[in-house]
Number of protein chains: 2
Amino acid sequence: MPVNSFDNYPMSWKPDKKALKRPYYYSIAELLEQDIINGFLAPGTKLPPQRELADFLDLNFTTITRAYKLCEFKGLIYAVTGSGTFVSPNAARSITISADNTTNLIDFGFVASFEQTNGIVAEVAQKVAEKNYLEKLLNYNDPTGIPHQKTAGLNWMESFGIHADQEHIAIVSGAQNALAIALISLFEPGNRIATDLYTFSNFIELAKMFHIQLVPIPGDQFGMLPDELEKQCCQTKIHGIFLIPSCSNPTTIMISDFRKHELAAIIRKHHLILIEDDIHAFLTAGIVSDYRQPMFNLLPEQSVYICSTSKSLCSGLRVAYMVYGDAFRKNMLQSIFNVNVKTSSLDAEVITELILSGKAHEIVSQKKQLAQSANDLYKEYFPAGQPGEHPLSFYRWLSIEEDVDSSQLEVDLKMRGIRVFHSDRFLSGQTTREKYLRIALSSTNSLDELKLGLDILKQYLG
Amino acid sequence: MPVNSFDNYPMSWKPDKKALKRPYYYSIAELLEQDIINGFLAPGTKLPPQRELADFLDLNFTTITRAYKLCEFKGLIYAVTGSGTFVSPNAARSITISADNTTNLIDFGFVASFEQTNGIVAEVAQKVAEKNYLEKLLNYNDPTGIPHQKTAGLNWMESFGIHADQEHIAIVSGAQNALAIALISLFEPGNRIATDLYTFSNFIELAKMFHIQLVPIPGDQFGMLPDELEKQCCQTKIHGIFLIPSCSNPTTIMISDFRKHELAAIIRKHHLILIEDDIHAFLTAGIVSDYRQPMFNLLPEQSVYICSTSKSLCSGLRVAYMVYGDAFRKNMLQSIFNVNVKTSSLDAEVITELILSGKAHEIVSQKKQLAQSANDLYKEYFPAGQPGEHPLSFYRWLSIEEDVDSSQLEVDLKMRGIRVFHSDRFLSGQTTREKYLRIALSSTNSLDELKLGLDILKQYLG
DNA sequence: AGATTTGTGCTTAAACATTTA
DNA sequence: CTAAATGTTTAAGCACAAATC
């Protein structure tokens, strides 16, 4: 066996010098990627500093910079000036969360939307099918939505505090689709977007896909901390910010009204583009006493407001409204066309009819009731709450012990029959001490099934 | 006035030295971008060689390389080793082509799909609304399509020569959506994709959006030239190839069967990823005698086959099938989820019912008849055809004089009441000598309107 | 056919900025 | 508060490859 004189050198990663081919930077990046994917380098591991690795490999240190950058671009590692370079928390796996009905697990993972109300939607869809203008819904016309459909959308959002006109609203295919469109139309690869430390995992994946870097900002019970945001803005060029003010996913924190103003001031000052995902507006506006208005109102010219109907009205029809300032309009229309051409006017018409007929309110009040019951049941099992939490959220953020292996925990619970997601999946940046589980309450078929799952969970967590 | 001693220096572009700030590369790129956008540098203009500009600015020539690269990334310029760097043909404008019914022009621009058949779709939509399982179409389940819907899709594509299973087909929201998903899931920014010299302008825009570079390959009456493709593959790293074999958009060329085999050999040899847009399969399979099979069959493990129903069945429902090799499956599902979550099962069900009920064939035969009549009329005006042209295409590729200004021509015709697109919009790379117009035949409301438009066009072209 | 023109890719060099001890 | 550690950014140098003349 060859005697490697560096065996006892205290470097966390020692690529095989002999395996290096030219171009070096590329070769190094490949070796690093392999070692991360194969699990030899665990998430959080600190890599050797650029200069140290360069010495070891007899290269200029900027060649290492380049190799590291390549891996950073792929989301495998992240670097912090002064501290070093580290393996990303979710480097080796995809954290996309989707519906998964191939197994018969109790699903506390994917957040569905209490699908028991879809009977009402089916009735309305039938009515739409009988309309004499049905044929007019089947062509290429009105790529951003037929005027009366947009008007209905504007009416719907009026109660959340949104006021806009036909030219600044577009119908797209759900919130995820809207986020994809917003990212691709307003940002470039390499741009940075500030997010909560814990944020919507599908947004993290989307950012990764578009090579947009997330800059995690700490928060408290009132939402993201303005000082921390300001600090990051001064340090590096940040291009945008992503917020879910009405009920953060996954933490359920609501941004309080005073905090919205504080954040808006920073966002304005640094010319950030705000992406506001207000999918939970229907659960918050008019219900939570502190609610005044969306952040869009405070920054109408530099914001994109996204209001999906998937959670509030119907998940399967894939309809969301996007509202944007005039500066973004041209770009937005272009991207909507490039990605969707248009959203089916038939689907949009069913949602429109739900709104115009008043059935939408009926659905919302049923969903609220279902959410109330589910939350009541949850509280019987896990009474401890945290300040700032949303009372009616479709999911809960459960604090757990700090020293468990996140993948193992998910596997353990799967074996016991429930699917849950560990807080590591929602990390936009560095690892944290505190650990949580996100428990979806809206995906079981009944309260009984929810109870069954909570039993298992409670028992497992002891 | 200041005397500039370089005024007579034969450089096509002389940035103001005094306007340069550090970082130089960035400053140069900005100045160049401004001059292109403001029209001071016309499309096709040759920029100064890197070394020459570097001398002029007293910088190392690789700094100019970097500045040029920045503009190339934005699609403003393109570089050819040995020849120089040039302003892109469509640098300053968006060439996205979308439906535009805000004006009362006769639309020969956007290619619609003879919307007169939508009455049949409306009837079938009504039937679907009466199904007792309607409610089951309204949730998050089956993100890639409900099994029976996928089966119907597979049946539909069977006659085009596609054979696949449930695991390798997904329902997405139209061809454009499918292309976006294919590009984002299988390519990285900076990757290169080979295309026909003239190609689908919305694909060009999509590639620009994702920062994927197109490498134009010349072709003849049988399609893209294999030797030219091979040449490019040997020269630079090419990652993929985009083809529309059943009826190229805009040229209407069909790739002949022998050519498919020749191209497949090159694609296999160089491990390219093939994106096959077969939106016109219904107009070609079983109609054009040379048709044997899609290229997907020749390269099943390295291809994505896209079959939209927008042109063949119904444009407004936004349903396309994607068929892919096993190697792409995981990536594909992830991207579909990230961009769409799912495609509305209601829309997919209407398309499914069209196929299962046999109404789909009825629609197709009506559309073919409409296409035949439109083409017959067109031939009365412009009898000269070119070898390899599709006989039933929804649009025609009309050769025109070489020395007209493309934007001016479009504007002139708009003033006369018709919208057409000049061949410059479809250029994936360098400018060419020959000029064409793409004339959509499928977007007028009647043959009379078509005739009216052709009259105007004929008169204008003299 | 060989020299010249022109763009590409990789590596190095140096000045800089931030964080941590 | 300063020094050390560590990552970032910009620019230059050089070998190379393709196209042109």
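The figures that follow rest on heavy atoms only: side chains count, while hydrogens, waters and symmetry mates do not. In the text below, chain A, chain B and the rest are named by the order of the sequence lines, each starting its count at 1. The model shown is predicted, which means the values in this text are computed figures rather than measured ones.
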Side-chain N or O of [X] less than 4.0 angstrom from OP1 or OP2 on [N]?
X: A/Asn60; N: C/dT11; answer: no
X: A/Thr62; N: C/dT11; answer: no
X: A/Ser83; N: C/dT20; answer: yes
X: A/Arg66; N: C/dC10; answer: yes
X: A/Gln50; N: D/dA5; answer: no
X: B/Thr63; N: D/dA11; answer: no
X: A/Thr81; N: D/dT8; answer: no
X: B/Thr85; N: C/dT6; answer: no

Rounded to the Å, how far apart are [X] [atom1] and [N] [atom2]?
X: B/Tyr24; N: D/dT9; atom1: OH; atom2: P; result: 19 Å
X: A/Ile64; N: C/dC10; atom1: CD1; atom2: P; result: 15 Å
X: A/Met11; N: D/dT6; atom1: CE; atom2: P; result: 12 Å
X: A/Lys237; N: D/dG7; atom1: NZ; atom2: P; result: 25 Å
X: A/Glu72; N: D/dT8; atom1: CD; atom2: C1'; result: 10 Å
X: B/Asp58; N: D/dA12; atom1: CG; atom2: C1'; result: 14 Å
X: A/Ile28; N: C/dT11; atom1: CD1; atom2: C1'; result: 11 Å
X: A/Lys231; N: C/dA17; atom1: NZ; atom2: P; result: 19 Å

Quiz item: Pick the nucleotide of DNA chain C nearest each of A/Lys21 and A/Gly82; which residue has the one closer to the 5' end?
Solution: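 In this pair, the answer is A/Lys21.
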Which is true for [X] with a 4.0 Å heavy-atom rule: it touches a base, it touches only sugar-phosphate, or it touches nothing?
X: B/Arg51; value: base
X: A/Phe61; value: base
X: A/Tyr68; value: nothing

Practice problem: Mark yes or no: A/Arg259 above the aromatic ring of A/Phe222, with NZ or CZ under 6.0 Å from the six-membered ring centre and no more than 45 degrees from the axis. | Solution: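 Checked: cation-pi criterion not met.
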Quiz prompt | Ring centroid separation A/Phe426 to A/Tyr436 under 6.0 Å | solution =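 Judged by ring-centre distance (under 6.0 Å), A/Phe426 and A/Tyr436 do not meet the cut-off.
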Exercise. Please check if the distance between the ring centroids of B/Phe210 and B/Phe187 is under 6.0 Å.
Key: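 Here the rings of B/Phe187 and B/Phe210 have centres that are no less than 6.0 Å from each other.
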Self-check item: Sidechain-backbone polar pair: B/Ser248 side chain, B/Ile253 backbone, donor-acceptor under 3.5 Å
Solution: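 Checking the backbone N and O of B/Ile253 against the side chain of B/Ser248, no donor-acceptor pair under 3.5 Å is found.
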Quiz prompt | A/Thr62-A/Thr65 side chain donor-acceptor pair, cut-off 3.5 Å | solution =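 Looking only at side-chain atoms, A/Thr65 and A/Thr62 do not form any donor-acceptor pair under 3.5 Å.
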Exercise. Taking only the side-chain heavy atoms of A/Thr65 (C-beta and beyond), determine which of D/dT9, D/dT10, C/dC16 contains the nearest atom.
Key: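 Looking only at side-chain atoms, A/Thr65 lies closest to D/dT9.
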Practice problem: State plainly whether the residues A/Glu33 and A/Lys74 are in salt-bridge range, i.e. N to O under 4.0 Å. | Solution: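 A salt bridge links A/Glu33 with A/Lys74.
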